[in-house]
Amino acid sequence: AGAVATAGGLSAFFTTARDEWPEVAYSVKKQLGIIPTPPRDVPRTKVCVLGSGWGAMSLIKRLDPDQVDLTVISPRSFFFYTPLLAGCSTGTVSYTSLTESVRWHLAKFTNSWGGQGTFMQAHATDVDFKNQKVTCVSSGGYHGDKNGSGPVKTVIDYDHLIVAVGAEPNTFNIKGVQQHAIMMKEVEDSLKVQRQILENLEYASALWKSGAPESQVKKALNWVVVGGGPTGVELTAELCDLVNDDVTSYFPHFKDVIKITLVEATGKVLGMFSPAISEFAKASLEKQGARVWCDTFVTGMDNAKVTLKNATNKTEFAEEYGVLVWAGGIGARPVTHQLARKIGGEQLPEKGPFRGLKVDNKFRVKGVDNVWALGDCALSGYAPTAQAAFQQGNYLGRMFRVTNMQPDAVENYEEFKFLNYGSLAYVGSSQGVADLKVRMWDGVAERKDQPKKDGDDSTLIFGTGAFAIWRSLYFSKVLSARNRFQVAFDWTNRAMFGREISTPFNQAELENLNQP
């Protein structure tokens with residue numbers, strides 16, 4: 001484990017260096033005058049970015065402020081670090097440690113040379129591709145207050161439009177999911193989960209103290225997670241940690257009453273990983289007390305129970321729940337579908353559901369000029385992961401910088417190549433799984449039980465060593481030094497003093513504080 005942990009730290013260093021070295025080299029060349037700064041009277045290219053996720057923010061970081069006037073439009077005024085979202089749901093890390101203001105990253109675009117960096121907290125409602133204009137409506141502030149103010153409509157001109165709006169949870173049109181499940185996609189969702197879990201603990205405690213029927217207590221303490229991908233597995237793992245580390249101290253009478261259930265429609269959890277990793281993850285969760293139901297899918301739900309069906313024996317049954325979290329996949333956002341319909345042609349699927357904007361191997365949206373798409377909203381042939389979106393944003397930002405968006409230069413620029421570093425997941429109790437694709441991992445900690453090989457380009461690592469790699473790599477990819485400090489503090493604080501168990505305010509309570 002020690003050798004693997006050391007390797008994890010080295011991997012974090014080398015992967016970060018790989019990403020950042022071109023930026024260091026470019027900066028040095030700019031300082032030395034090897035790359036000239038454009039004259040002040042040269043008009044800068046107007047770049048408009050829709051979104052503030054992995055693809056958008058990695059692109060923004062690579063753009064040259066001397067070349068572009070940048071406008072970012074997003075209903076969310078911050079970037080958040082998705083790999084640690086599950087930990088935010090249980091208080092392992094604070095939500096403020098995961099969020100970074102978009103405006104922090106735009107400051108460099110407003111400079112003495114006349115460049116501009118603008119952020120608008122707004123929804124993009126329409127794009128005029130012919131005249132290259134984006135219409136957006138503000139999403140922040142108090143709309144419809146006593147002064148009669150409402151959303152602000154603005155039209156933004158662009159020379160190049162980058163669509164990086166990500167995706168939204170996919171309910172597969174299952175009855176009751178949208179109304180009763182907590183979606184696990186945004187920071188707000190993780191806070192909802194945390195609040196509901198803590199409220200249910202307190203509510204169950206009151207029921208238990210009052211002598212209420214045991215069935216009511218059990219219902220409040222039955223927590224169901226739907227979706228056995230990385231998000232669902234890591235949330236289940238974090239919930240197990242919460243119960244085993246903290247609930248035992250503050251709610252000891254509930255230790256054996258709480259049920260945590262992970263429901264997965266396919267035959268295994270972590271379906272994109274190797275079978276060996278899937279089996280290890282399932283066994284690890286079950287060892288910590290979770291129930292893992294594979295080949296089981298949701299057919300409907302109401303505010304008290306979820307209806308499930310076993311795919312093997314076709315048995316349908318109901319499970320009462322106190323908290324239900326949906327991590328069952330993603331689908332295209334309405335704005336992405338709207339843009340595709342407006343472009344028309346090959347952007348609309350002949351059959352099957354719409355999944356995203358079709359792009360070429362340089363992320364140019366097919367059927368329209370000067371529009372690019374990346375990340376989860378683009379059909380690029382790559383998995384909808386943070387790793388892929390991050391690399392795509394890096395690629396596009398560097399291409400814009402090198403070519404200055406000149407058509408001939410763009411045409412001759414190299415195509416995108418995805419470097420798969422592999423996949424990681426946390427499975428609870430300081431255990432992890434890692435399916436690493438980089439050749440540098442060959443020969444690391446060759447022990448009888450770990451790592452195990454799954455093909456020439458893959459190394460599988462399980463247990464505490466994989467957890468060390470998981471933490472090292474994810475820590476190194478936090479965008480800012482400020483947030484790295486906060487994440488490190490949160491982890492240390494949790495190890496020394498445990499998780500926060502006081503119930504956070506909800507929005508209604510926060511608004512009531514301002515009432516006379």
Open item on the list: I'd like to check H105 versus V102 (side-chain heavy atoms, cut-off strictly below 4.5 Å). Are they in contact?
Closed with: no
Open item on the list: Could you go through C294 and V269, starting from their C-alpha distance and side-chain angles, then the distance that decides it, and tell me whether this counts as side chain to side chain contact (heavy atoms under 4.5 Å, CB included)?
Closed with: CA-CA 7 Å; C294 294; V269 298; 4.1 Å; yes
Task: Q288 side-chain N/O to V427 backbone N/O, donor-acceptor pair under 3.5 Å - done: yes
Task: Other residues, nucleotides, ligands: >12 heavy atoms within 6.0 Å of F489 CZ - done: no
TODO: Could you tell me which non-hydrogen atom of L374 sits nearest to which non-hydrogen atom of A164, and how far apart they are?
DONE: CD1-CB, 3.6 Å
- [ ] Report yes or no: does R355 contribute a side-chain atom to a donor-acceptor pair with the main-chain N or O of L379 at less than 3.5 Å?
- [x] no
Open item on the list: Quick check for you: to the nearest 0.5 Å, what is the distance between M184 atom CE and W326 atom CH2?
Closed with: 15.0 Å
Open item on the list: Within the 4.5 Å heavy-atom criterion, are K219 and Y321 side-chain neighbours or not?
Closed with: no
- [ ] Please confirm whether the backbone N or O of N483 pairs with a side-chain atom of S480, one donor and one acceptor, at under 3.5 Å?
- [x] yes
Task: Close side-chain approach of V359 and K366, heavy atoms under 4.5 Å - done: no
Task: Derivation and outcome, side chain to side chain contact (heavy atoms under 4.5 Å, CB included), residues Y395 and K362 - done: CA-CA 9 Å; Y395 166 85; K362 295 178 182 176; 3.4 Å; yes
Task: Considering all heavy atoms, the nearest N170-G331 contact - done: CB-N, 3.8 Å
Open item on the list: Could you check whether D246 and S249, counting side-chain N and O atoms only, form a donor-acceptor pair closer than 3.5 Å?
Closed with: no
- [ ] Specify the closest pair of heavy atoms between L270 and A281, including all atoms of both residues, with the distance to one decimal.
- [x] CD1-CB, 3.7 Å
TODO: Answer yes or no: is there a side-chain heavy-atom contact under 4.5 Å between F354 and T336?
DONE: yes
Open item on the list: Could you tell me if the side chain of K282 sits less than 4.5 Å from the side chain of E286, heavy atoms only?
Closed with: yes
- [ ] Output, in order, the C-alpha distance, side-chain angles, deciding distance and verdict of salt bridge (charged side-chain N to carboxylate O under 4.0 Å, His left out) for R364 and D360.
- [x] CA-CA 6 Å; R364 292 173 291 197; D360 64 13; 2.7 Å; yes
TODO: Answer with yes or no whether the side chains of D435 and S423 bring together a donor and an acceptor at under 3.5 Å.
DONE: no
Open item on the list: Please evaluate residues K268 and E264 with respect to the criterion salt bridge (charged side-chain N to carboxylate O under 4.0 Å, His left out), reporting the C-alpha separation (whole Å), side-chain torsions for both, the decisive distance (0.1 Å), and the verdict.
Closed with: CA-CA 7 Å; K268 64 176 186 176; E264 167 55 34; over 6 Å; no
Task: Any donor-acceptor N or O pair under 3.5 Å, side chains N200, Q196 - done: yes
Task: Heavy-atom side-chain proximity of P169 to I330 below 4.5 angstrom - done: no
Open item on the list: Set out, in order, the CA-CA distance, both residues' side-chain angles and the distance that settles side chain to side chain contact (heavy atoms under 4.5 Å, CB included) for V365 and V163, then state yes or no.
Closed with: CA-CA 9 Å; V365 175; V163 183; 5.5 Å; no
Task: Salt-bridge criterion met for E188 and K192 (N-O under 4.0 Å) - done: no
Open item on the list: Would the distance check show the side chain of Y95 and the main-chain N or O of T99 forming a donor-acceptor pair, the cut-off being under 3.5 Å?
Closed with: no
Task: Pairwise distance CG(L242) to CH2(W223) - rounded to 0.5 angstrom - done: 6.0 Å
Task: Parallel, tilted or perpendicular, as decided by the 30° and 60° cut-offs, for the rings of W470 and W491 - done: tilted
TODO: Provide the closest heavy-atom pair for V263 versus T296 in the form atom of the first, atom of the second, distance.
DONE: CG1-O, 3.3 Å
Open item on the list: Assess, by modelled atom type and distance only, whether the side chains of T299 and E316 contain a donor and an acceptor separated by less than 3.5 Å.
Closed with: yes
Task: Spacing of T90 atom OG1 and R494 atom CZ [to the nearest 0.5 Å] - done: 9.0 Å
Open item on the list: Using a 6.0 Å cut-off, check whether atom CZ of F418 has over 12 heavy atoms from anything other than its own residue.
Closed with: yes
Task: Exercise: identify the closest heavy-atom pair between Y250 and P252 - done: C-CD, 3.4 Å
Task: Under 3.5 Å: donor-acceptor pair, side chain of S284, backbone of F280 - done: no
Open item on the list: Quick one about Y382 and N420 (side-chain donor to acceptor, distance below 3.5 Å, no hydrogens or angles considered), yes or no?
Closed with: no
Open item on the list: Is it the case that atom CZ in R499 sees more than 12 heavy atoms from other parts of the structure closer than 6.0 Å?
Closed with: yes
Open item on the list: With heavy-atom distances below 4.5 Å as the criterion, would you say the side chains of H123 and V335 are in contact?
Closed with: no
Can I get a per-line list of side-chain donor-acceptor pairs under 3.5 Å for residues 74-89, giving both atom names and the distance, sequence neighbours left out?
| unit_1 | atom_1 | unit_2 | atom_2 | d |
| --- | --- | --- | --- | --- |
| S74 | OG | S52 | OG | 3.0 |
| S74 | OG | R76 | N | 3.2 |
| S74 | OG | R76 | O | 3.0 |
| R76 | NE | F78 | O | 2.9 |
| R76 | NH1 | E186 | OE1 | 2.8 |
| R76 | NH2 | S52 | O | 3.2 |
| Y81 | OH | Y474 | O | 2.4 |
| T82 | OG1 | W54 | NE1 | 2.8 |

Task: Main-chain N/O of A167 paired with R333 side-chain donor or acceptor, under 3.5 Å - done: yes
Task: Q347 side-chain N/O to K358 backbone N/O, donor-acceptor pair under 3.5 Å - done: yes
Open item on the list: Pairing donors with acceptors under 3.5 angstrom, does anything connect the side chains of Q194 and S190?
Closed with: no
TODO: Working to the nearest 0.5 Å, report the span between OG of S380 and CG of L357.
DONE: 11.0 Å
Open item on the list: For L201 versus F254, what's the shortest heavy-atom pair and its separation?
Closed with: O-CE1, 3.8 Å
Open item on the list: More than 12 heavy atoms of other residues, nucleotides or ligands under 6.0 Å from NZ of K305: yes or no?
Closed with: no
- [ ] Please determine which of V193, L324, V225 meets the side-chain contact (heavy atoms from CB on, under 4.5 Å) test together with I182.
- [x] V193
Open item on the list: Parallel, tilted or perpendicular, judged at 30° and 60°: which one describes the rings of W293 and F317?
Closed with: perpendicular
Task: Side-chain donor-acceptor pair present, S502, E500, cut-off under 3.5 Å - done: yes
Open item on the list: Main chain of G428, side chain of D241: is a donor-acceptor contact present, judged purely on distance under 3.5 Å?
Closed with: no
- [ ] Look at R291 together with E319 and state whether they make a salt bridge at an N to O cut-off of under 4.0 Å.
- [x] yes
- [ ] Would you indicate whether the side-chain heavy atoms of V247 and K255 approach each other to under 4.5 Å?
- [x] no
Open item on the list: Over 60° means perpendicular and under 30° means parallel, so tell me whether F416 and F363 are parallel, tilted or perpendicular.
Closed with: perpendicular
Open item on the list: I need the C240 SG to I260 CD1 distance, nearest 0.5 Å.
Closed with: 4.0 Å
Task: Working for side chain to side chain contact (heavy atoms under 4.5 Å, CB included), residues I469 and L436 - done: CA-CA 10 Å; I469 295 171; L436 303 171; 4.2 Å; yes
TODO: Could you list the residues that satisfy side-chain contact (heavy atoms from CB on, under 4.5 Å) with T315, not counting sequence neighbours?
DONE: N313
- [ ] Give a yes or no answer on whether the side chain of Q179 reaches the backbone of N303 with a donor-acceptor pair at less than 3.5 Å.
- [x] no
Task: Euclidean distance, D376 CG relative to K185 NZ, rounded to 0.5 Å - done: 6.0 Å
